[in-house]
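Chain letters run A, B, ... following the sequence lines, proteins first, then strands; residues in each count from 1.
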Amino acid sequence: MVTKVTLPDGSVREYPDGVTALDVAKSISQGLAKASVAAKINGEIWDFHRPLPRECRVEIVKEDTPPGLEVIRHSAAHIMAGAVRRLYGPGVKFGYGPPVEDGFYYDMEFPEGAKFSEDDLPRVEAECKKIIEANYPFVREDLPKEEVIRRMRELGQPYKVETLEKDIQDPTASVYTDGDFIDLCEGPHVPSTGRVRAIKLTKVTGAYWKGDQSNRMLTRLYGTAWHSDKALQEYLRRIEEAKKRDHRRLGQDLELFMFHDWSPGAVFFLPKGAVIYNELLAFVREEYRKRGFDEVQTPQLFNKSLWEMSGHWDHYRENMFLLKVDEEDFSLKPMNCPSHLLIFKHRRRSYRELPLRIADFCPLHRNEIKGVLSGLTRVRKFEQDDAHIFCAEDQIEQEIRGQIDFVKYVYRDVFKMPFQAKLSTRPPKFVGVIETWNRAEAILDRVLKESGVEYVVNAGDGAFYGPKIDFDIKDALGRAWQLATIQLDFNLPERFDAEYEGADGRRHRPVMIHRAMLGSLQRFIAVLTEHYAGSFPLWLAPVQAAVVPVSEKLEEYARQVYAKLREAGLRAEIDLSNERLSAKIRSFELQRIPVMLVCGQREAESGAVAVRERSRGDVGVVKVEELIVNLRRDIAAKTALSGQA
RNA sequence: GCCGGGAUAGCUCAAUGGCAGAGCACCGCUUUCGUAAAGCGGGGGUUGUGGGUUCAACUCCCAUUCCCGGCUCCA
């Protein structure tokens, strides 16, 4: 009998039975076999040396592809676990050890009293390298589940036993052995430990067993592994670059914002950060005018009655800042929606007023637990470009379309940030009528399709009060953040008994749409800062132009230029310091100022300046009046000088 | 909140129980300069905070606040 193998190009080859994917790879070319670590068999990833089924599609997985790297990292996790076991003895109990983006981790419990910290990583890493050096084959065994449970018991591995008993349904389970280390694992793995060519252990953290806070906390060791040392070095360089772009770093260096111990989780925007904040707000307000939103201002502090009506008192109280006012319970608001319902209900509403779009930039306070606070991305006090749309059910479609269009304009046209949409549908626990949900989900789906926006469906991931579309925005380093959101709400209008009078003279329940474009201004500024690496486009730059006299003799002329720029409404700075020109230029480059205007004798004679663009150098001499016209045009266009560093 | 690490001048970091230091920034003087760092000099500290051990604490111990990396949470 022969095994028939179909290759990705459609060709069919025949091999003797018992052939492995490795044999197939070798038969194609030795080089391919050497540069590959596993194979996809009928689309499922398999070990290289597992015998193939009689008839199958085989796709060789090369080591430098995403699935290949995943296999390498999974194997690296085993190698690391084996190294820890060698160094700390058989008393170490192992939890999960999966590959993750760019690396892997393994959760483990050290024997009583053994402390493990980052300082211990080099020792473990050295042991990993010995295991790699030894080039042990990864040997797979498929055994009856009971047999594996027995072996794991013998090895003193309670977490493995628990996994087998609770999570593995199959009658058999697989174990892998590399050298002296054996582990329960689905696989696949690289053929031998030597195929993990570059490994580096990166950090040590705590992690709850199965992510559940009520479980024991294990020690998690993180590492990264690559198919070559060069790839590892490139990765490390990328991490270094990421650190330079970190908004906390740039916020400090560029004097955008600060924090203080006395108000954890709340930012101080310094003058330069406040400029960015206000420009963003002005931008959103301008769009609101075009798109029919009415801005309101609402209270910060509300009686608990409001939260009881909205349901927050029962479901969100732990996250609210509570205080007593006149012997009664009050809270700083964590969200705007309830106040907007009060506005809606302020008087009788007619269908003629719908859709009613209420926008609000008021501060919100959420009592996030301390451990999660981080820079501008997780704060306790923040503002959103929040709005709620009250509309009739037959207006949902047009409103959703309008908001998706808004998102596209903001992220694609203005900020040029790639984004991905997620449609989340009805969860198991929900309020409202199923038919309404189905109709609404169909609308969201249809509008997304028409919009040409790429999206994924997260079935069952919607809020209990309605389906939603979230937009993940990736910064320049590919990290995803959720900023924009569009959520339907069938719940709050019900709880507040919101009504409008229809054309038929009867009362109807409006649908509420929660939506934000930038999301939290704080988080948006964090992502924006990293996206631009601090080099903000002209319209957002805290200082747009720096006037630089070549020497003290040109000071008077520079002052005139500076005054003209300020009169024209530009954010300009002048450098009258006693430094050399190149030192001034360097300082402005470091501050990422978009335009530097050098004033020398030649320019003074013709009422001009020599323009230097950030990171581009000298771009020529231009008359001051003309420069002002150009700058104002570029600012209005919002896209000028937005090239990233 | 939990695990691990950390906090020293405005910033980045040194000082392993014995006189708290460097570079950058800042201030002053000299220099008057053409596109990414001129030279010299000066000021700057309750070593996060509170307690303890010690003849002596940045250093060791306890507590606490905040920050960082994760976990978790994200009506």
Side-chain angles (χ1 to χ4, degrees), chain A residues 95 100 105 107 109-110 115-121 202-222 243 246 248-249 252-255 258-265 307 310-320 334-335 337-338 366-375 378 427 429 431 463-466 470 482 485 487 489 491-492 495 514 520 546 548-555 577-591 596-604 609-621:
Chain A
V100 290
Y105 67 77
D107 287 345
E109 184 187 328
F110 282 85
K115 250 181 106 177
F116 193 90
S117 79
E118 231 144 89
D119 299 337
D120 301 310
L121 286 180
T202 49
K203 56 194 168 196
V204 179
T205 70
Y208 299 104
W209 167 236
K210 290 185 172 173
D212 185 340
Q213 205 167 348
S214 59
N215 286 336
R216 178 187 261 281
M217 178 159 283
L218 307 177
T219 304
R220 176 173 295 180
L221 274 60
Y222 277 93
K243 280 185 190 156
D246 189 313
R248 292 166 298 194
R249 174 85 257 134
Q252 163 103 283
D253 291 348
L254 304 179
E255 292 203 42
M258 58 171 263
F259 290 90
H260 194 279
D261 279 7
W262 291 349
S263 190
W307 310 118
S310 68
H312 286 85
W313 194 256
D314 284 339
H315 297 106
Y316 200 61
R317 200 179 350 165
E318 323 74 66
N319 284 305
M320 290 165 40
M335 296 177 197
C337 12
R366 295 184 189 174
N367 194 1
E368 305 279 0
I369 54 177
K370 248 181 0 211
V372 304
L373 299 178
S374 172
R378 286 303 292 270
K429 282 181 76 179
V431 300
F464 79 90
Y465 50 75
D470 290 323
Q482 190 204 297
T485 185
Q487 312 186 355
D489 189 343
N491 177 51
L492 281 181
R495 292 190 76 113
H514 308 251
S520 147
V548 193
V550 162
S551 78
E552 222 168 85
K553 290 175 196 151
L554 277 305
E555 241 182 48
S577 72
N578 188 13
E579 289 294 339
R580 280 168 161 68
L581 179 63
S582 54
K584 294 180 184 182
I585 296 281
R586 177 181 145 82
S587 147
F588 290 127
E589 285 284 351
L590 290 176
Q591 291 172 64
M596 285 154 260
L597 307 172
V598 176
C599 303
Q601 192 53 44
R602 294 196 296 273
E603 290 77 24
V609 289
V611 181
R612 180 193 164 94
E613 267 179 31
R614 172 182 62 203
S615 68
R616 280 188 58 200
D618 197 342
V619 294
V621 174

Using the [atom1] atom in both, what is the distance from [N] to [M], to the nearest Å?
{"N": "B:rC3", "M": "B:rC55", "atom1": "C1'", "result": "40 Å"}
{"N": "B:rG43", "M": "B:rC27", "atom1": "C1'", "result": "7 Å"}
{"N": "B:rC66", "M": "B:rU30", "atom1": "P", "result": "50 Å"}
{"N": "B:rG10", "M": "B:rG44", "atom1": "C1'", "result": "10 Å"}
{"N": "B:rG23", "M": "B:rU46", "atom1": "C1'", "result": "25 Å"}
{"N": "B:rU59", "M": "B:rG48", "atom1": "C1'", "result": "16 Å"}
{"N": "B:rU35", "M": "B:rG28", "atom1": "C1'", "result": "27 Å"}
{"N": "B:rG52", "M": "B:rC58", "atom1": "P", "result": "15 Å"}

Which part of the nucleic acid, if any, lies within contact of [X], taking any heavy atom under 4.0 Å across all strands shown: a base, the sugar-phosphate backbone alone, or nothing?
{"X": "A:R602", "value": "base"}
{"X": "A:Q252", "value": "sugar-phosphate"}
{"X": "A:G375", "value": "sugar-phosphate"}
{"X": "A:G311", "value": "base"}
{"X": "A:D253", "value": "nothing"}
{"X": "A:A463", "value": "nothing"}
{"X": "A:R220", "value": "sugar-phosphate"}
{"X": "A:D120", "value": "nothing"}

Does [N] have its OP1 or OP2 closer than 4.0 Å to a side-chain nitrogen or oxygen of [X]?
{"X": "A:R249", "N": "B:rU12", "result": "yes"}
{"X": "A:S582", "N": "B:rA38", "result": "yes"}
{"X": "A:K370", "N": "B:rG1", "result": "yes"}
{"X": "A:K553", "N": "B:rC33", "result": "yes"}
{"X": "A:R378", "N": "B:rC73", "result": "no"}

Once you apply the 3.5 Å cut-off to both distances, tell me the Watson-Crick or G-U wobble partner of B:rC2, or none.
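Its partner is B:rG70 (Watson-Crick or G-U wobble, both distances under 3.5 Å).
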Give none if B:rG28 has no partner; otherwise give the nucleotide forming a Watson-Crick or G-U wobble pair with it, both distances under 3.5 Å.
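Check on B:rG28: paired to B:rC40, both distances under 3.5 Å.
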Is a side-chain donor or acceptor of [X] paired with a backbone partner of [Y] at a separation under 3.5 angstrom?
{"X": "A:E603", "Y": "A:G600", "answer": "yes"}
{"X": "A:E589", "Y": "A:S615", "answer": "yes"}
{"X": "A:R366", "Y": "A:P334", "answer": "yes"}
{"X": "A:R317", "Y": "A:W313", "answer": "yes"}

Measure from the side chain of [X], starting at C-beta and using heavy atoms only, and say which of [options] lies closest.
{"X": "A:R580", "options": "B:rC33, B:rA37, B:rU35", "value": "B:rC33"}
{"X": "A:R586", "options": "B:rG70, B:rA37, B:rC67", "value": "B:rA37"}
{"X": "A:S374", "options": "B:rG34, B:rC71, B:rG69", "value": "B:rG69"}
{"X": "A:V372", "options": "B:rC33, B:rG69, B:rU72", "value": "B:rU72"}
{"X": "A:P264", "options": "B:rC67, B:rG70, B:rU35", "value": "B:rC67"}
{"X": "A:L590", "options": "B:rA36, B:rG69, B:rA38", "value": "B:rA36"}

Euclidean distance, atom [atom1] of residue [X] to atom [atom2] of [N] [Å, nearest integer]:
{"X": "A:K584", "N": "B:rU32", "atom1": "NZ", "atom2": "P", "answer": "14 Å"}
{"X": "A:M258", "N": "B:rC67", "atom1": "CE", "atom2": "C1'", "answer": "14 Å"}
{"X": "A:E552", "N": "B:rA38", "atom1": "CD", "atom2": "P", "answer": "16 Å"}
{"X": "A:E579", "N": "B:rC29", "atom1": "CD", "atom2": "P", "answer": "14 Å"}
{"X": "A:E109", "N": "B:rC71", "atom1": "CD", "atom2": "P", "answer": "19 Å"}
{"X": "A:E589", "N": "B:rG34", "atom1": "CD", "atom2": "C1'", "answer": "15 Å"}
{"X": "A:F116", "N": "B:rG70", "atom1": "CZ", "atom2": "C1'", "answer": "15 Å"}
{"X": "A:L373", "N": "B:rC73", "atom1": "CG", "atom2": "P", "answer": "17 Å"}

Does any donor-acceptor pair link the side chain of [X] with the base of [N] at a separation under 3.5 Å?
{"X": "A:N578", "N": "B:rC33", "result": "yes"}
{"X": "A:D212", "N": "B:rU72", "result": "no"}
{"X": "A:D261", "N": "B:rU49", "result": "no"}
{"X": "A:E603", "N": "B:rG34", "result": "yes"}
{"X": "A:Y222", "N": "B:rG4", "result": "no"}

Do the charged groups of A:R248 and A:D246 touch, with an N to O distance under 4.0 Å?
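Salt bridge present between A:R248 and A:D246.
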Closest non-hydrogen atom pair, A:K203 against A:L121:
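Nearest pair, atom of A:K203 first, then A:L121: N-CD1, 3.8 Å.
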Please give me the minimum heavy-atom distance between A:H312 and A:P338, naming the atom from each residue.
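What the structure gives for the nearest pair is CE1-CG, 4.0 Å.
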For A:E255, is the CD atom crowded, meaning more than 12 foreign heavy atoms sit under 6.0 Å from it?
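No - once you tally the heavy atoms of other residues, nucleotides and ligands closer than 6.0 Å, there are 12 at most.
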So which one's nearest nucleotide on RNA chain B is more toward 5', A:H260 or A:V598?
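Looking at RNA chain B, the more 5' nearest nucleotide goes with A:V598.
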Want to settle it: does A:G206 or A:L581 sit nearer the 5' end of RNA chain B, counting the closest nucleotide to each?
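Whichever sits nearer the 5' end wins; that is A:G206.
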If the plane angle is over 60° it's perpendicular, under 30° parallel, otherwise tilted; pick one for A:Y465 and A:H514.
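Ring orientation, 0 to 90° scale: tilted.
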